[in-house]
Structures are given as structure tokens and as C-alpha cells.
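One structure below.
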2 protein chains.
Amino acid sequence: MRIGQLARRSGVSVRALRYYEEQRLLESTRTPGGQRDYPDEALERVQLIQDLFAAGLSSRTVVELLPCVSTGVATPAMLDQLIIERDRIAARIQDLTRAKTKLGRVIENVTAANVAQD
Amino acid sequence: MRIGQLARRSGVSVRALRYYEEQRLLESTRTPGGQRDYPDEALERVQLIQDLFAAGLSSRTVVELLPCVSTGVATPAMLDQLIIERDRIAARIQDLTRAKTKLGRVIENVTAANVAQD
DNA sequence: CCTGAACCTGACGTCAACGTGAGGTACTAG
DNA sequence: CTAGTACCTCACGTTGACGTCAGGTTCAGG
């Protein structure tokens, strides 16, 4: 599969895929002409990368953790890092939940005020 | 209260507080000498700003929503925006929860493998 | 009066994850 | 063989929320 197709299937830009390769998050073989060629598994991989990015991990962290995420094998240091990141995500969820609750209350207030006004 | 004290109390940097003012998120009166002077309520305000930033809102969005967040009065457009942001946060929580679950499974796998190895 | 800490205003630097040309090469259909 | 599209590699631009340095001013204590 070439880069354009992978981009369309995964929903990320061609530029992003090249960036992932630059950051060693994603590999590709090359055609004799020098164009990138991806196996089908690349799609999953890209989606995993996107998930981790969406979770706020940096590409540096992702590149460190990808091996054990895909193979299930990790050094103690990698395990520590995994736990750190999971906890960071959990904390972030707490933050977001608080903010959401706050906004929710504001919405209730505003709605109530508007209804009262009608 | 002067800017240094507000910074220490709120846990944000002096630079950040000046930035908030630049973005019209936070007001201050000035001493005759030109130094910023904050009322006690500024502390709450800063914490609210931080919460909204942490929730991924931009300063532009925050400056639009702050009035109704603090006063409880909103135009229909503001209400729409509030709802949009709340839903965005909810979606983000979903993403993070998925990522957390994924990492959690990886951690389980790794831990199981390591235990088996012992 | 004088010093050291805290403050002031510009204004340029940073960082990540790409976007966006520029200028050239590879692949595919007819 | 020749379009037209997809692809390639630089390499600079973007955005948001500040960090940081320069050069000067204000404030509190002794």
C-alpha cells in the first residue's frame, strides 16, 4: 500500500505519515523508485499512534513504548513509564471531568435563567 | 495583592498572569507606580482559567465564555458554544478512557509475562 | 539615601505536530 | 510516448501558552 492510500484509510495526512517515519514511529519499505510501501498492519499501527497522541503522549514517549505495546514485552523501566503515563491519563480524565461538570452547571444555570425569562 | 503573590497562591507563573491580562482574561488595577494590583477574587478567577485551559479550551474561547461562567447570563450563541465545548470535553474523556484502557491492558500483559518469567 | 527584591514593558525564543510551498521524480492509463 | 496524478526531499511557516533576556522603574527596610 502506498502512502496516499494509507493516509485515506487512516484519516491522517500524508505529511503526518512522513513525520511518523521521521520520528521512527512507523517504518516502510521502498519501491525501486524510492516510494514508500506499507504492509496492511501499518493501518493498525497508525491508529495506535493516533490513540496515544490523542492521549497526550509525546512522540518521544510513544517511540519508547511502542515496542512493548505491540509485543507485550517490556523492561522494568518501560513498565514504570507505562504506569506513569496511565496515571497521567487518569489524572487528566479527572481534570476534564471537573471542567465538564463545571460547564454543565453553567449550562444548567443559564438554561434555567432563560426559561425563567420566557 | 501584587502579581508575585497571586502567582505563588495560584501556582501559575508571573508571565502567565501577564499573558492572561494581555488576552483579556484577567483584569488588574494599577498602583500609582504602575504595578498590578489584584483583588482576592482574582485567585478564583485564575483557577477557573486554568481549569478551562486544562480542558483544552483556547484563550479565545475562554474570553468569550468567562462572562457567562461568572455571571450565569448568556446569549443563545454563548449557550451553543458552552454546549459545544462540554461535548468536546466529553468526547475527549472517551478518547482518554480508551487510551487508558489500552495502556492498562498492556501493563497487565507485561506484568503477567514478567511474573511468568520469574 | 540606598540597596536589593519585586515589578514593568517590549520583544525574541521554544516546542510539538504537523501545514505548505518549491522543485523534481515515479507510476499508470491511453 | 505522453499526460496527469501521486510521490519524493528539503526547508521554512504556523499556533498557543507561555519562557527568557534586556534594560529600566518601583517599593520596603534600615
Side-chain angles (χ1 to χ4, degrees), chain A residues 1-39 42 45-66 81 85 88-89 92 95-96 99, chain B residues 1-39 42 45-66 81 85 88-89 92 95-96 99:
Chain A
M1 173 174 23
R2 288 196 299 174
I3 198 170
Q5 195 172 3
L6 180 56
R8 277 189 304 275
R9 284 196 189 168
S10 63
V12 315
S13 72
V14 167
R15 176 66 174 97
L17 294 176
R18 295 206 187 102
Y19 174 74
Y20 295 167
E21 184 167 325
E22 195 183 317
Q23 301 296 309
R24 306 187 167 284
L25 299 175
L26 183 63
E27 292 174 35
S28 67
T29 56
R30 299 297 182 111
T31 67
Q35 302 199 349
R36 288 172 179 83
D37 191 27
Y38 297 97
R45 179 95 171 191
V46 171
Q47 283 163 351
L48 174 58
I49 293 170
Q50 285 283 302
D51 282 350
L52 295 178
F53 275 172
L57 307 211
S58 69
S59 72
R60 195 176 150 297
T61 307
V62 173
V63 78
E64 283 169 10
L65 296 185
L66 264 183
Q81 185 71 15
E85 294 300 337
R88 227 180 35 71
I89 293 172
R92 184 119 182 82
D95 287 351
L96 289 178
Chain B
M1 172 176 19
R2 287 196 301 172
I3 196 169
Q5 194 172 4
L6 179 57
R8 276 189 304 275
R9 285 196 188 169
S10 63
V12 314
S13 72
V14 167
R15 176 65 174 95
L17 294 177
R18 296 205 187 103
Y19 175 74
Y20 295 168
E21 183 166 326
E22 195 183 317
Q23 300 297 310
R24 307 187 165 285
L25 299 175
L26 184 64
E27 292 174 36
S28 68
T29 56
R30 299 296 182 112
T31 66
Q35 302 199 349
R36 288 172 179 81
D37 190 27
Y38 297 96
R45 180 93 170 190
V46 171
Q47 282 163 350
L48 174 57
I49 293 170
Q50 285 283 301
D51 281 351
L52 295 179
F53 274 172
L57 306 212
S58 70
S59 72
R60 196 175 150 297
T61 306
V62 173
V63 78
E64 282 169 10
L65 296 184
L66 264 182
Q81 185 71 16
E85 295 300 336
R88 228 179 36 69
I89 293 173
R92 186 119 181 80
D95 288 351
L96 288 178

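Because the structure is predicted, anything quoted here is derived from the model rather than measured. Per chain, numbering begins at 1; letters A, B, ... match sequence-line order.
Taking atom CD1 of A:I3 as the reference point, atom C1' of C:dT25 lies 15 Å away to the nearest angstrom. Taking atom OH of A:Y20 as the reference point, atom P of C:dA17 lies 9 Å away to the nearest angstrom. Atom CG in A:D37 sits roughly 11 Å away from atom P in D:dC7 (whole-Å rounding). The CD-P distance, from A:E22 to D:dC12, rounds to 14 Å in whole Å. One interatomic measurement links the two molecules: CG of A:L25 to P of C:dA17, which rounds to 9 Å at whole-angstrom precision. Between B:M1 atom CE and C:dA6 atom P there is a gap of 16 Å when expressed in whole angstrom units. Counting to the nearest Å, the P atom of C:dA6 and the CG atom of B:L6 are 15 Å from each other. Taking atom CG of residue A:L17 and atom P of nucleotide C:dC18, one finds them 9 Å apart after rounding to whole Å.
Contact annotation for A:R30: backbone-only contact, meaning every heavy-atom pair under 4.0 Å involves sugar-phosphate atoms and none involves a base. Among the heavy atoms of the strands, none lies under 4.0 Å from A:I49.
Between A:S58 and the phosphate of C:dA16, there is no side-chain N or O to OP1/OP2 separation shorter than 4.0 Å. Remark: A:S59 is in phosphate contact with C:dA17, judged by side-chain N or O atoms under 4.0 Å from OP1 or OP2. Taking side-chain N and O atoms only, B:R36 has a distance below 4.0 Å to OP1 or OP2 of C:dC8. The side chain of B:R18 contributes an N or O atom lying less than 4.0 Å from OP1 or OP2 of C:dC8.
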Original post:
Between B:R18 and B:E22, is a salt bridge (Lys or Arg N to Asp or Glu O under 4.0 Å) present by the stated rule, with each step listed?
Top reply: CA-CA 6 Å; B:R18 296 205 187 103; B:E22 195 183 317; over 6 Å; no
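When atom types are taken as modelled, the side chain of A:D37 and the backbone of A:R30 share no donor-acceptor pair closer than 3.5 angstrom.
Across D:dG16, C:dC18, D:dT9, the shortest atom-to-atom separation from the side chain of B:Y19 is found for D:dG16. In the set C:dC18, D:dC18, C:dC27, C:dC18 carries the atom at the smallest distance from any side-chain atom of A:F53. Side chain of A:T31, nearest nucleotide from C:dC7, C:dC27, C:dC18: C:dC27.
The side-chain heavy atoms of A:V46 and A:R9, taken from C-beta on, include no pair separated by under 4.5 Å.
Checking each of B:Q35, B:R2, B:E21 against B:S28 for a side-chain hydrogen bond (donor to acceptor under 3.5 Å, both in side chains) leaves exactly one that passes, namely B:E21.
Judged by closest nucleotide on DNA chain C, A:V14 is the one of A:V14 and A:Q35 placed further toward the 5' end. Looking at which nucleotide of DNA chain D each of A:R15 and A:G33 is closest to, the 5′-most match is held by A:G33. For B:S13 and B:G34, each mapped to the nucleotide of DNA chain D holding its nearest heavy atom, the one lying further toward the 5' end belongs to B:S13.
By the neighbour-count criterion of 12 heavy atoms within 6.0 Å, atom CZ of B:R60 is sparsely surrounded, having that number or fewer from other residues, nucleotides or ligands.
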